[in-house]
Amino acid sequence: MGDWSLRESLDTASGTVRWDRLGDPGGEPVVLLHGTPFSSYVWHEIAPALAAGHRVHVWDMAGYGTSGMYPGQDVSLGAQGEVFTELLAHWGLREPSVVAHDFGGCVALRAHLLHGARYRRLALVDPVALEPWGSPFFRLVAEHSHVFEQLPAPLHEALVREYVTSASHLGLRPAALEELVRPWTGERGQAAFYRQIAQADQRYTDDIQPLYPTIDLPVTVCWGTEDTWIPFAKGQELAGLIPGARLVPVPEAGHLVPLDAPARLTSALLAFLGG
């Protein structure tokens with residue numbers, strides 16, 4: 001995966017999960033969670049910047065990126081929340097700061113609200129957290145995943161490439177697009193792509209949405225103002241549900257804020273983590 005690679009692994013009930021950590025071993029711990037259909041690569045610019053003053057943990061969710069992919073795998077948001085809780089225990093992190101994008105937002109929230117994971121601070125970046133969610137394309141694929149799984153490889157890759165591209169407002173650099181698309185190619189990757197969409201279910205956010213007013217820790221909600229996947233208004237709604245949460249608009253950024261506006265997002269995160 002170019003100069004971005006995850007050197008460690010943990011075997012979980014949902015398969016082998018790849019992970020890594022950067023920065024000073026004695027620094028304050030920060031954990032970064034990616035979303036779908038992405039991988040930890042979305043943090044490849046931000047993680048090193050945060051690592052200058054923190055101990056940064058990154059991981060590929062089960063069934064994503066370089067983590068294990070196999071038929072019958074449970075890659076649901078419910079499973080990912082349990083895997084993340086297990087990872088925190090494996091790392092020995094009792095109260096890290098957490099930064100979570102897209103599906104990672106739901107994973108972090110479920111781990112905290114349902115599985116007892118404790119955080120020092122929580123930054124949510126264009127998270128999947130409020131109903132309704134899922135674009136028309138996403139719902140179409142979810143309802144007919146068995147059909148899409150049979151697409152010829154070139155058509156599948158073109159579909160994934162177009163889908164990932166649509167998450168960016170400014171347009172992705174060719175190298176970045178390649179890194180995000182590559183895990184979903186080949187027979188194994190193609191099946192995994194449709195598996196994770198087929199298992200996406202709004203009930204995983206419905207479970208926790210009523211609990212947002214009970215969150216009792218510093219929270220910032222960063223949102224790309226040009227997000228066409230989940231509109232900025234959802235960020236305003238979410239910030240209003242979490243006591244004391246601050247909304248940080250990120251101008252000229254679409255859903256893929258970590259790649260559209262890495263400098264702006266890093267600045268906002270450093271201010272929040274150091275506060």
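Count residues from 1 along the sequence. Since this is a predicted model, take the numbers as computed values, not measurements.
A donor-acceptor pair under 3.5 Å is absent between the side-chain atoms of Asp126 and the main chain of Ile230, judged by distance alone. In terms of modelled atom types and a separation under 3.5 Å, the side chain of Asp60 and the main chain of Ser39 share no donor-acceptor contact. Using modelled atom types, one side-chain atom of Gln73 and one backbone atom of Gly68 make a donor-acceptor pair closer than 3.5 Å. Between the side chain of Gln80 and the main chain of Cys106, no donor-acceptor pair closer than 3.5 Å is present.
Remark: Glu82 pairs with His115 by the side-chain contact (heavy atoms from CB on, under 4.5 Å) rule, at least two apart or across chains. The salt bridge (Lys or Arg N to Asp or Glu O under 4.0 Å) test applied to Arg118 returns Glu95, not counting sequence neighbours. When the salt bridge (Lys or Arg N to Asp or Glu O under 4.0 Å) test is applied to Glu143, no partner is found at least two apart in sequence or on another chain. With sequence neighbours excluded, no residue forms a side chain to side chain donor-acceptor pair (under 3.5 Å) with His112. Residues meeting the ring-ring contact (aromatic ring centres under 6.0 Å, His included) test with Phe103, sequence neighbours left out: Trp133.
When every heavy atom of Thr266 is checked against every heavy atom of Ala49, the shortest pair comes out as CG2-CB, 3.8 Å. Listed here is the closest heavy atom pair of Leu88 and Pro96: CD2-CG, 4.0 Å. Residues Ala239 and Ala245 come closest through the heavy atom pair O-CB, 3.7 Å. Minimum interatomic distance between Val181 and Glu157 (heavy atoms only, all atoms of both residues): CG1-CG, 4.2 Å. Closest of all the heavy-atom pairs between Val58 and Ala47 is CG1-CB, 4.3 Å. Nearest heavy-atom pair, Ala111 versus Tyr119, reported as atom, atom and distance to 0.1 Å: CB-OH, 3.5 Å.
Atom CZ of residue Arg195 and atom OG of residue Ser76 lie 12.5 Å apart, to the nearest 0.5 angstrom. In this structure, Asp20 CG and Leu32 CG are separated by 11.5 Å, a value rounded to the nearest 0.5 Å. The OG1 atom of Thr185 sits 7.0 Å away from the NE2 atom of His156 when rounded to the nearest 0.5 Å. The CE atom of Met61 sits 8.0 Å away from atom CD of Gln196, with the distance rounded to the nearest 0.5 Å. Atom CG of Asp102 sits about 11.5 Å away from atom CG of Leu124, to the nearest 0.5 Å. Rounding to the nearest 0.5 Å places CG of Leu77 at 7.0 Å from CZ of Arg110.
Leu140 is connected to Val164 through a chain of hydrophobic side-chain contacts under 4.5 Å among Ile, Leu, Val, Met, Phe, Trp and Tyr, so both are in one cluster. Under a hydrophobic clustering in which Ile, Leu, Val, Met, Phe, Trp and Tyr are joined whenever their side-chain heavy atoms come within less than 4.5 Å, directly or via other members, Trp184 and Val75 fall into different clusters. Val248 and Ile242 sit in two unconnected hydrophobic clusters of ILVMFWY residues. Membership requires side-chain heavy atoms under 4.5 Å apart, directly or through other members. Both Leu87 and Met69 are members of a single hydrophobic cluster when ILVMFWY side chains are connected at heavy-atom separations under 4.5 Å.
You'll find the side chain of Trp43 stays beyond 4.5 Å of the side chain of Leu22, heavy atoms only. Between Leu270 and Leu50, some side-chain heavy-atom pair lies under the 4.5 Å cut-off. Counting heavy atoms from C-beta on, the side chains of Gln190 and Leu151 come closer than 4.5 Å. In this structure, the side chains of Leu180 and Leu259 come closer than 4.5 Å at one or more pairs of heavy atoms. Inter-residue side-chain proximity for Leu247 and Phe232 is flagged as met; some heavy-atom pair is nearer than 4.5 Å. Glu252 places none of its side-chain heavy atoms less than 4.5 Å from the side chain of Arg264. Considering only heavy atoms from C-beta on, His34 stays 4.5 Å or farther from His101 through its side chain. Using a 4.5 Å cut-off on side-chain heavy atoms (C-beta onward), Leu122 and Leu109 make contact.
Taking the six-membered ring where the residue is Trp, Tyr163 and Phe138 present tilted rings, their angle falling between 30° and 60°. In this structure, Phe38 and His255 have tilted ring planes: the angle between them lies in the 30° to 60° band. Between Trp91 and Phe84, the ring planes are perpendicular. Angles over 60° get that label, and only those under 30° would be called parallel. Under the 30°/60° scheme for interplanar angles, the aromatic rings of His146 and His144 are found to be tilted.
Remark: the Trp59 side chain and the Ser67 side chain contain no N/O donor-acceptor pair separated by less than 3.5 Å. Between the side chains of Asp74 and Ser14, no donor-acceptor pair of N or O atoms lies under 3.5 Å. When only modelled atom types and interatomic distance are considered, Ser40 and Trp19 share no side-chain donor-acceptor pair under 3.5 Å.
Note on Glu178 versus Arg161: salt bridge recorded, some NZ/NE/NH1/NH2 to OD/OE distance being below 4.0 Å.
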Side chain to side chain contact (heavy atoms under 4.5 Å, CB included) for His44 and Glu179? Distances and angles first, verdict last.
CA-CA 11 Å; His44 78 282; Glu179 294 291 357; over 6 Å; no

Stepwise side chain to side chain contact (heavy atoms under 4.5 Å, CB included) test for Trp223 and Lys234:
CA-CA 9 Å; Trp223 214 285; Lys234 283 295 181 184; 3.9 Å; yes

Which side-chain N or O atoms in residues 211-222 pair as donor and acceptor under 3.5 Å with protein atoms at least two apart or in another chain?
{"residue": "Tyr212", "atom": "OH", "partner": "Ala129", "partner atom": "O", "Å": "2.7"}
{"residue": "Thr214", "atom": "OG1", "partner": "Leu211", "partner atom": "O", "Å": "2.6"}
{"residue": "Thr220", "atom": "OG1", "partner": "Arg246", "partner atom": "O", "Å": "3.3"}

